[in-house]
Number of protein chains: 2
Amino acid sequence: MNIAEVATRAGLPPKTIRYYEEIGLIRPRRQANGYRAFADADLHKLAFLGRARSLGFSIDECRTLMALYEDRSRASADVKAVAQAHLDAIDAKIAELQGMRGTLATLVAHCAGDHRPDCPILADLAGEAC
Amino acid sequence: MNIAEVATRAGLPPKTIRYYEEIGLIRPRRQANGYRAFADADLHKLAFLGRARSLGFSIDECRTLMALYEDRSRASADVKAVAQAHLDAIDAKIAELQGMRGTLATLVAHCAGDHRPDCPILADLAGEAC
DNA sequence: CATAGGGGTTCCCGTCACTGGAAGGTCAAC
DNA sequence: GTTGACCTTCCAGTGACGGGAACCCCTATG
């Protein structure tokens, strides 16, 4: 398989696949002409990576997960720990965004949104007491 | 005021303040010795920026908001539009994270987390049907 | 008066996970 | 034989800073 086909089937851009090779996540063989020759195993790994990335795991976490995946003697507890840590990080991020969202929604709701200059949003940003 | 005092009062690191000057968000005067000389107006701007950034506005959005703040003939509708767009972006981000969170939480819940290698998290990432 | 320290300054590199683009080699079709 | 699609490598840029080096300035102390 050439890179374009693998890209289509794994749902990742060719650039990303080359990048994953560069940082050592995959190691496709080469054809005589220098083209990358992807095996099914490479495609499988790329699909795994794409899925993990879509769940928000960092490249480093993906590396860990791949290593666990390929380690037949892994303990599921190790996988769960990685996933749980990521879940906690996601929860923290959601909480942070909801905090912003709350403040912002209030400000937007109180802004007339007309031609006049008075604006509670700017007043808040400027630190003026309401 | 020197940079350390302004940093304390605005709640921003000195590095960030220098960066904001570099990209043209503020323009403090200079003392004879080359030190930045911050006026109250600079401090005010920095506090404004810090607050806007803490609400998740990008630097470009902050630039726009500052320009609107300094434009006495602004229409509050313009401010509201920027804030509403950002609010929509936050909502989209929250939705995305909650999507990840849902999948991940289910996977974590189904993982035994023991010494055995079987793991629904890895199975899902590998694309195996359950 | 020399020096030690705690400011300040600029400049450059690194972050994270790619993305865009240039310059050039390769292959299949017309 | 030439187009055009594909492949390659390499370099630069993204956003919003942070770390650290190398160096200047000011004050206090022995």
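Quick note on labels: first sequence line is chain A, next is B, and so on, each numbered from 1.
The side-chain hydrogen bond (donor to acceptor under 3.5 Å, both in side chains) pairs that include a residue from residues 97-113 of chain A are A:Arg101-B:Asp91, where partners are two or more places apart or lie in different chains. Counting only residues at least two apart or on different chains, the ring-ring contact (aromatic ring centres under 6.0 Å, His included) pairs with a member in residues 39-64 of chain B are B:Phe48-B:Tyr69, B:Phe57-B:His86.
Computed from coordinates, the A:Ile23 CD1 to C:dC18 P distance equals 8 Å when rounded to whole Å. With rounding to whole Å, A:Leu25 atom CG is found 14 Å from C:dC16 atom P. Distance, B:Tyr19 OH to D:dG18 P: 11 Å, rounded to whole Å. Atom C1' of nucleotide C:dC16 and atom CD of A:Glu22 are separated by 13 Å, given to the nearest angstrom.
Applying a 4.0 Å cut-off to non-hydrogen atoms, none of the residues of residues 82-104 of chain A approaches DNA chain D. A heavy atom lying under 4.0 Å from DNA chain C marks the following residues of residues 5-16 of chain A, by number: A:Pro13, A:Lys15, A:Thr16. Within residues 36-70 of chain A, the residues that place at least one heavy atom under 4.0 Å from DNA chain C are, in residue-number order, A:Arg53, A:Ser58, A:Ile59.
B:Glu5 places no side-chain N or O within 3.5 Å of a backbone atom of B:Asn2 that could act as its donor or acceptor partner.
Residue B:Arg30 places at least one side-chain N or O closer than 4.0 Å to OP1 or OP2 of C:dT10.
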With the criterion being N/O to N/O and under 3.5 Å, what pairs connect the protein with nucleotides 24-26 of chain D, and how long is each?
unit_1: D:dC26; atom_1: OP1; unit_2: B:Asn33; atom_2: ND2; d: 3.4

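Using modelled atom types and a 3.5 Å distance limit, the side chains of B:Ser76 and A:Asp118 yield no donor-acceptor pair. At a cut-off of 3.5 Å, with distance as the only test, no side-chain donor of A:Ser58 or A:Asp60 sits close to an acceptor on the other residue.
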